[in-house]
Amino acid sequence: MEDSKEIDTAIATATKLDIDEPGSSVDQKLYRGMIGSLLYLTASRPDIVFSVLLCSNCNIVGYVDADYAGFLMDRKSTSGMAHFFGSCLVSWATKQQNSVALSTAEAEYVAATSCCAQLLWIK
């Protein structure tokens, strides 16, 4: 390590990434094992998080729905959401909205905003 070159970023800035053209298949078990090991390392090495997540190619997806004026006492809507990392469910929630929506579209908009905020926090 004494002869290594020191850099400020976790990945070389001159590296250009492009689309992986169809070719030979990858051993999925080995690939997932490597990514899992790297994700374990990110708990103690925050400087390599960006590079690991760049290699993992997993998408974070959120699903949301709202029940317009579902609570009869104060006519507030209820939001329900689920978040998936790849094919794994990592977060879910149901929550009564803070304001009274005047339409179904407004209730859905408030729910979508809450879902996006949660996704950004997860990322």
Side-chain angles (χ1 to χ4, degrees):
M1 292 295 291
E2 293 174 358
D3 298 328
S4 63
K5 182 180 172 187
E6 188 176 290
I7 60 172
D8 294 333
T9 59
I11 189 170
T13 55
T15 302
K16 299 292 181 198
L17 301 175
D18 58 358
I19 251 175
D20 188 17
E21 297 294 328
S24 61
S25 62
V26 176
D27 181 14
Q28 288 188 4
K29 186 175 181 180
L30 176 64
Y31 177 77
R32 289 179 182 177
M34 290 188 310
I35 294 298
S37 299
L38 290 172
L39 285 173
Y40 176 77
L41 283 176
T42 60
S44 61
R45 295 282 312 272
D47 57 322
I48 64 170
V49 171
F50 176 75
S51 301
V52 170
L53 291 179
L54 191 63
C55 294
S56 68
N57 288 329
C58 288
N59 293 327
I60 299 176
V61 180
Y63 298 96
V64 66
D65 193 18
D67 177 24
Y68 173 63
F71 190 62
L72 298 178
M73 298 298 286
D74 58 6
R75 306 305 287 172
K76 288 186 178 179
S77 302
T78 305
S79 301
M81 62 188 86
H83 304 97
F84 290 84
F85 182 70
S87 62
C88 299
L89 179 66
V90 293
S91 170
W92 65 92
T94 56
K95 179 184 174 188
Q96 185 178 11
Q97 294 180 359
N98 295 330
S99 60
V100 177
L102 300 177
S103 67
T104 303
E106 184 180 355
E108 295 285 345
Y109 180 75
V110 170
T113 303
S114 178
C115 182
C116 288
Q118 183 71 19
L119 283 172
L120 289 174
W121 185 85
I122 291 171
K123 267 192 165 181

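Basis for what follows: all heavy atoms, side chains included, without hydrogens, waters or symmetry-related copies.
Atom OG1 of T113 sits about 11.0 Å away from atom CD of E108, to the nearest 0.5 Å.
With sequence neighbours excluded, the residues that form a side chain to side chain contact (heavy atoms under 4.5 Å, CB included) with R32 are Q28. Every residue two or more places apart in sequence or in another chain that forms a side chain to side chain contact (heavy atoms under 4.5 Å, CB included) with Y63 is listed here: V61, F84.
Nearest heavy-atom pair, Q118 versus S91, reported as atom, atom and distance to 0.1 Å: NE2-OG, 3.7 Å. The minimum heavy-atom distance between A82 and L89, with the atom names listed, is CB-CD1, 3.9 Å.
Residue pairs that meet the side-chain hydrogen bond (donor to acceptor under 3.5 Å, both in side chains) test with at least one member in residues 66-80, sequence neighbours left out, are D74-Q96, S79-Q97.
With V64 as the partner, the side chain to side chain contact (heavy atoms under 4.5 Å, CB included) test is satisfied by one option alone out of C116, C115, S114: C115.
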